[in-house]
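The block underneath contains the structure these notes are about, expressed in structure tokens.
All chains are named by letter (A, B, ...) in the order of the sequence lines, taking the proteins before the strands, and each is independently numbered beginning at 1.
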Amino acid sequence: MSTAVDAGQHAEAGHGHDAHPAYLQHHFDNPQQQEGAAKLGMWLFLGTELLMFSGLFLAYFYMRSQYPEMVHEYHEYLNKWMGALNTLFLITSSLTMALAVRSAQVGKAKLSGRLLLVTIAFGLAFMVVKYLEYSAKFEHGLLPGDAFAEHVAGGVQAGWYGGPQLFFGIYFIMTGLHGVHVLIGIGLLVWIYVKTQRGAFSGNYYTPVENVGLYWHLVDLIWIFLFPLLYLVK
Amino acid sequence: MATTTVEGAAPAHEHAEELDFYKASRGIKSWLLTLDHKRIGLMYLAGVLLAFFAAGVIAIIFRAELMTPQIDLLAPAVGEGSATIGRELYNKLFTLHGAMMVFVFIIPAIPAALGNFLLPLMLGAKDVAFPRLNLLSFYVWLTGTLILILAILAGQLDTGWTFYTPYSTSTHGAAPVVLAVTGAFVLGFSSILTGLNFVVTVHKMRAPGLTWNRMPLMIWALYSTAVIQVLATPVLAITLLLLLFENAFNVGIFNPAMGGDPVLFQHFFWFYSHPAVYIMILPGFGIISEIIAIHSRKHIFGYKAIALSSVSIAVISFLVWGHHMFVSGQSEFASALFSFLTFAVAVPTAIKVFSWVATLYKGSISFNTPMLYGLIFIFTFSIGGLTGLHLGTLSTDVHFHDSYFVVAHFHYVMMGGTVIAFIGGLHHWFPKMFGKMYNENHGRIGALLVFLGFNLTFFSQFVLGAQGMPRRYAEYDPEFQGWHVASSIGSFILAAGLLWTLIYLLMALKNGKKATANPWGGASLEWATSSPPIAHNFHDTPHVDSDPYNFPEIDHTMKTGHH
Amino acid sequence: MTGLNHPLLAAASDTADRFGSLFTFINVISVAAFTMVIAVTVYFSVKYRRRSEGQRTSPVKHNFKLEFLWSAVPTVLMIVMFAWGFNDFAALSQTPADALPLRVIAKQWNWTVGYPGLDRECTAEMSADGGAETEFVVPVNRPFTVKLSSEDVLHSFWIPDFKVKKDALPNRYTGYTVTPTEIGDHRFYCAEYCGANHSRMAGTIHVVSQEDWKLWLDGKLEGVPNCKVDPTAPDYAPKLFVKYGCAGCHSVTEDRAIVIGPPLYGLVAKGSETMEDGSSVTVDDNYLRESIEYAEKQRVAGFAGKNMPAFRGRISEVELDALVNYIKGLGAVDQAPTNEDGTKSE
Ligand code: HEA
Ligand code: HEA
Ligand code: CUA
Ligand SMILES: [Cu+2]
């Protein structure tokens, strides 16, 4: 293999080169390369997230196939209306997120910022509803494993073979992990919002907005699977 | 211009003042906060070698215990239940040994240490795609390792590296298992980050002209590995998360007393851990391809077959996990399917082995230390792989499962495969990494000791396993003693060889001769920059116009006699 | 078929014979492949060693015919290995009618081998140093079927000389069938890691001639434990209750928890039971006996769709009596059951 000096290319990995806009990290040759890398990286990352959740979905289906009646009985304890409300919140926030990305792409930073704020608000609303749901479960002792309280189970003890503590175990771990993702998403949105306000993005450079947008859509997507599986079992 | 040395090999005159990456910046902070893939690679190298050392010493300790059938070395001399205490200690030791070797050492060893250093160099890039993520992955690795060590200090971690339920969820209270599992979980994230970074780097950061068909096989190997890391590790993450939850709240997913299924855990575990064995070996294959070609100055035989077989191994490896569970009570139909697919992975591996051997044909073979390790690899890995066939066959695995035969198999592939390749690679790129040469004769002696010690240690274990010696046994029936003694003596020789190796390499760091940019006459891009490389790797972005095995010694007029 | 047995390995069962042939087959292929690879490597290494720095090398990069050959040959060989292995593997779970049933129960850290219908049960108490050596007896040349389960974590029942092994699980039965072909003592081990004394969870199988087997059944064989169970021992019935899996479906505690079948506590005290068809039956010895032997004959109200296996023929007369008496005692006025008898409820 041979190498030849490419005279046309910039000769040095120096900084402050004029081919290097401020946002271009020094180890990339050009913005296209940087953007391509960031996007591919993001998609791969989303792939790992999906795979991680799919492991949980498998565990869920396994439990459901073993104890269909139990799952059917105990999913009634989940509040469908709160779940539906949250679905509405997330779907709407996905829309506002998409609009925010669109605005960033066409250089409307101000509009983009406002849309980000709306998205954040929906995310927070989701978490508030989640909090209400969780505290209701806590109150009634509808908890995973040992914590599953006796009185709600109609005389059946915690630790009962194939019992509802399994269902609530899966419920909490799935919605909990999803909730953590929503929280992280809100954090990222705030970060992007701050950067937007500082004028970090332009019609030429908006990859981070896009990537956070993708992440937010993923969080939404996962919820769209969680909701029917947990709340609307047939 | 595949004729003479490569341009840019010696620092070009106008850049003569540019410093190598060691000297480019100074101070401890410049290392701890570095974004330079070479420094991150070296920090990883120090870390994984330390882990290897620690886990290896543990192995030597329990090998000493196994010199006699009874528990003696590890048990307190007298007292109520002293034998049981000794056995518990033994169990903790092999758990630590296995968990450290697998999660802390061997998975990051080649990709994160050597790979980090080499990947951008071989691609002609200035760095990996996400340098900050790279540094993050190092600290995540460190955190995971520390948590695992904490689990050790918390005591009573004795589940084996496989954490099988319900044992892992029902004994000794939850704390040590929760900690250990958290540690493995965190280490998994580090692995995902490295993998993700590498996939993107290979896709996006190749030098102009470096097409997929011109990539050195090391890159193909690292790429396939990274794909497995990205696809499989999330499943490990969720498995460990479920186990954590199970331990913390006693949910019952894996607990039969509560309607769960312990075998489900095994499915989850091996769904990751089988592909993980290829995470371990594929980078080793990459190293061997480089070593064999360069040190015989021959174009690698069957470039495409080797590259594609890596990818096909990566894909099929996801479908064979159940071969660890032939006697676990899974359905016979599933077992049959898994057995069949297991053989399907063995074929691409056989193709690689044959291709390496064929590469030697009409070469110019130098017997320096890296090449010796390359040849040792062919020897030991073949034994390890071929005994995989005994295990992949259903009815024979019924006998061998959970015996020393399995222990011998996986040491032949992991120690005799991956670790041998790793040490070979360390020697091969030592001049590049440190700018120094080691003493070849010292290297050859080390390789010989390692070879002899290794085979004595683990070949004896095949015999033990076939004769009926179960694994994870602190004590055994007296008729097994002979082979156990042989194995222990072998392990002492092996340890001596490794220690010797460590010492002369450390000495070379201090007193070794200065290395030239391209001491072996390699043709891939990492040899095209100075040894050690400058901070930004290349003075000028390299351009590639032929493949990485086009050595100047190749005589294109020579008749091949094969067509 | 008598196998080509490996000189290093004992072969004391039909499975071991089959194992020997296949093992030899794989060994021959492996050794041949290995020898070839190494011989060629060594030959090339010597012949083409570097003699001078500038030594020329061949430009050969690939060779389709050769590559096809070395992919195809291993593929074919491996398909043979797979098919052969599968065939032998399937044989392990085929149970002939005359097989001697054994009920093997694993727990941390000893084995209990029961002989359903024969009033015999071999086990070993753990010694002070944590070890337990269970010994049991089987006749030569008669297949025996192992029905395995565990009371706690995973274990695995491995008889190296017979080349058979299977994990013992806490939530379901596993097992295998094998025919011992050599008289003598054979070791067995726990092969699945199960905690501190895993390495001491072992024992010996005494394979005896058909005549000795009859002697043993009569309690007259010298030199081996006779494993007779004492039906008058207080823990006899509770143990049976666990051994036959009754505890997996019935609770026996005062709370009358429903697991799968009806709770048995206080059943007799209740006096009568309502059936699915609305009739009422008096709970007496005969009712209990019938419930155990032919559970499906009368179905208790509220348990439609739930089945209990019929135990007719799988349980000896002595055992049946003991179980009936045990159930009668549950919830009887002066005799509160302890929690040791294998209940699932806490
Ligand atoms: C680096 C890691 C590594 C690698 C590469 C492999 C490679 C293989 N492994 Fe191994 N394996 C492990 C690591 C690895 N393994 C570990 C860690 C365990 C145990 C874990 C535990 O329980 O703790 C294990 C356990 C294990 C089992 C389960 C055993 C049991 O517990 O009962 C099985 C069963 O099928 C198996 C099979 C194979 C096969 C068929 C290959 C094949 O890919 C090998 C292919 C290679 C060759 C075939 C040799 C080279 C080819 C030739 C020389 C050409 C000639 C060939 C022919 C003519 C056929 N392995
Ligand atoms: C990468 C994987 C790896 C490696 C390299 C090793 C290496 C060794 N292993 Fe290990 N082993 C495992 C992975 C590995 N092992 C796993 C996964 C298990 C299963 C655990 C379980 O059942 O849960 C196991 C189990 C296991 C057992 C079975 C225990 C049992 O079932 O009861 C035994 C027994 O002999 C053993 C021995 C050894 C020995 C003697 C070495 C020797 O090769 C070690 C030699 C190393 C040293 C002595 C350290 C010296 C190092 C240096 C001086 C630094 C070198 C530096 C340079 C070269 C630069 N190992
Ligand atoms: Cu029981 Cu190991
Ligand atoms: Cu495997």
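Ranked by heavy-atom pairs under 4.5 Å with chain C, the list B:His295, B:Lys92, B:Glu475 is led by B:Glu475. If you tally non-hydrogen atom pairs under 4.5 Å between each of B:Ser355, B:Gly521, B:Ala305, B:Gly385 and chain C, the highest count goes to B:Ser355. Listed options C:Glu192, C:Lys65, C:Met36 were ranked by heavy-atom pairs under 4.5 angstrom with chain B; first place goes to C:Glu192. For the set B:Pro262, B:Pro348, B:Gly160, B:Ala350, the entry with the most heavy-atom pairs within less than 4.5 Å of chain C is B:Pro262.
Residue B:Phe333 does not touch chain C at all, counting heavy-atom pairs closer than 4.5 Å. Neither the backbone nor the side chain of B:Met371 has a heavy atom closer than 4.5 Å to any heavy atom of chain C. If you measure heavy-atom distances from C:Leu92 to chain B, the contacts under 4.5 Å come from the side chain alone. In this structure, chain B has a heavy atom under 4.5 Å from the side chain of C:Trp158, while its backbone stays farther away. Using a 4.5 Å cut-off between heavy atoms, B:Thr342 does not touch chain C at all. Using a 4.5 Å cut-off between heavy atoms, B:Gln266 touches chain C through its side chain atoms alone. At a 4.5 Å heavy-atom cutoff, the contact between B:Phe340 and chain C is made by backbone and side-chain atoms alike. B:Leu375 touches chain C through its side chain: at least one heavy atom from C-beta onward sits under 4.5 Å away, while N, CA, C and O do not. For C:Ile38, the part lying under 4.5 angstrom from a heavy atom of chain B is the side chain only. Only the backbone of C:Asp152 comes within contact range of chain B, judged by heavy atoms closer than 4.5 Å. For chain C, the nearby part of B:Ser335 is the side chain; its heavy atoms alone come within less than 4.5 Å. In this structure, chain C has a heavy atom under 4.5 Å from the side chain of B:Tyr164, while its backbone stays farther away. Only the side chain of C:Thr174 comes within contact range of chain B, with at least one heavy atom under 4.5 Å from a heavy atom of that chain. In this structure, chain C has no heavy atom under 4.5 Å from any part of B:Tyr90. Using a 4.5 Å cut-off between heavy atoms, B:Ala344 makes no contact with chain C at all.
Residues B:Pro166 and C:Pro170 come closest through the heavy atom pair CG-CG, 4.2 Å. Nearest heavy atoms, B:Leu386 versus C:Ser30: CD1-O, 3.5 Å. Taking both residues in full, the closest heavy atoms of B:Ser339 and C:Phe82 are given as OG-CD1, 3.3 Å, listed atom of the first, atom of the second, then distance. Of all heavy-atom pairs spanning B:Glu332 and C:Ser93, the tightest one is OE2-OG, 2.7 Å. Closest of all the heavy-atom pairs between C:Arg187 and B:Asp477 is NE-OD2, 2.7 Å. Minimum interatomic distance between C:Ser71 and B:Val347 (heavy atoms only, all atoms of both residues): O-CG1, 4.0 Å.
For the pair B:Leu360 and C:Tyr43, the minimum side-chain heavy-atom distance is 4.5 Å or more. Residues B:Arg472 and C:Ser199 have side chains not in contact (no heavy-atom distance under 4.5 Å, counting atoms from C-beta outward). With a 4.5 Å cut-off on side-chain heavy atoms, B:Val398 and C:Phe89 count as touching. Using a 4.5 Å heavy-atom cutoff, the side chains of B:Thr84 and C:Trp109 are not in contact. Residues C:Asn197 and B:Arg87 meet the side-chain proximity criterion, which asks for heavy atoms closer than 4.5 Å. Side-chain contact between C:Phe34 and B:Ile383 is present, with heavy atoms from C-beta onward closer than 4.5 Å. Annotation: side chain of B:Tyr303 is not in contact with side chain of C:His62 (no heavy-atom distance under 4.5 Å).
One finds the NZ atom of B:Lys362 at 7.5 Å from the NZ atom of C:Lys47 (value rounded to the nearest 0.5 Å). In this structure, CG in C:Leu169 is found 8.0 Å from CG in B:Asp261, a value given to the nearest 0.5 Å. For the atom pair CG of B:Leu391 and CD1 of C:Ile26, the computed distance is 9.0 Å after rounding to the nearest 0.5 Å. Here the NE2-OG distance, from B:His401 to C:Ser156, works out to 6.0 Å after rounding to the nearest 0.5 Å. Considering CZ of C:Arg50 and CG of B:Asn368, their distance stands at 7.0 Å, rounded to 0.5 Å. With rounding to the nearest 0.5 angstrom, the CG atom of B:Leu394 is 10.0 Å from the CG atom of C:Leu22.
Annotation: C:Tyr173, atom OH; neighbour count of heavy atoms from other residues, nucleotides and ligands within 6.0 Å is above 12.
Formation of a donor-acceptor pair under 3.5 Å by the C:Tyr193 side chain with backbone atoms of B:Asp158 is found in this model. Side-chain atoms of C:Arg172 come within 3.5 Å of backbone N or O of B:Gly329 as a donor-acceptor pair.
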Apply side-chain contact (heavy atoms from CB on, under 4.5 Å) to residues C:His198 and B:Arg471 and explain how you reach the verdict. CA-CA 10 Å; C:His198 162 62; B:Arg471 70 189 278 203; 6.0 Å; no

Step-by-step side-chain contact (heavy atoms from CB on, under 4.5 Å) determination, C:Arg18 to B:Ser395: CA-CA 9 Å; C:Arg18 287 195 297 267; B:Ser395 65; over 6 Å; no

Give the intermediate values and the outcome of side-chain contact (heavy atoms from CB on, under 4.5 Å) for residues C:Trp70 and B:Val357. CA-CA 12 Å; C:Trp70 74 39; B:Val357 176; over 6 Å; no

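By the 30° and 60° cut-offs, the orientation of the rings of C:Phe44 relative to B:Tyr361 is tilted. Between B:Phe480 and C:Tyr189, the ring planes lie tilted relative to each other; the angle falls in the 30° to 60° range.
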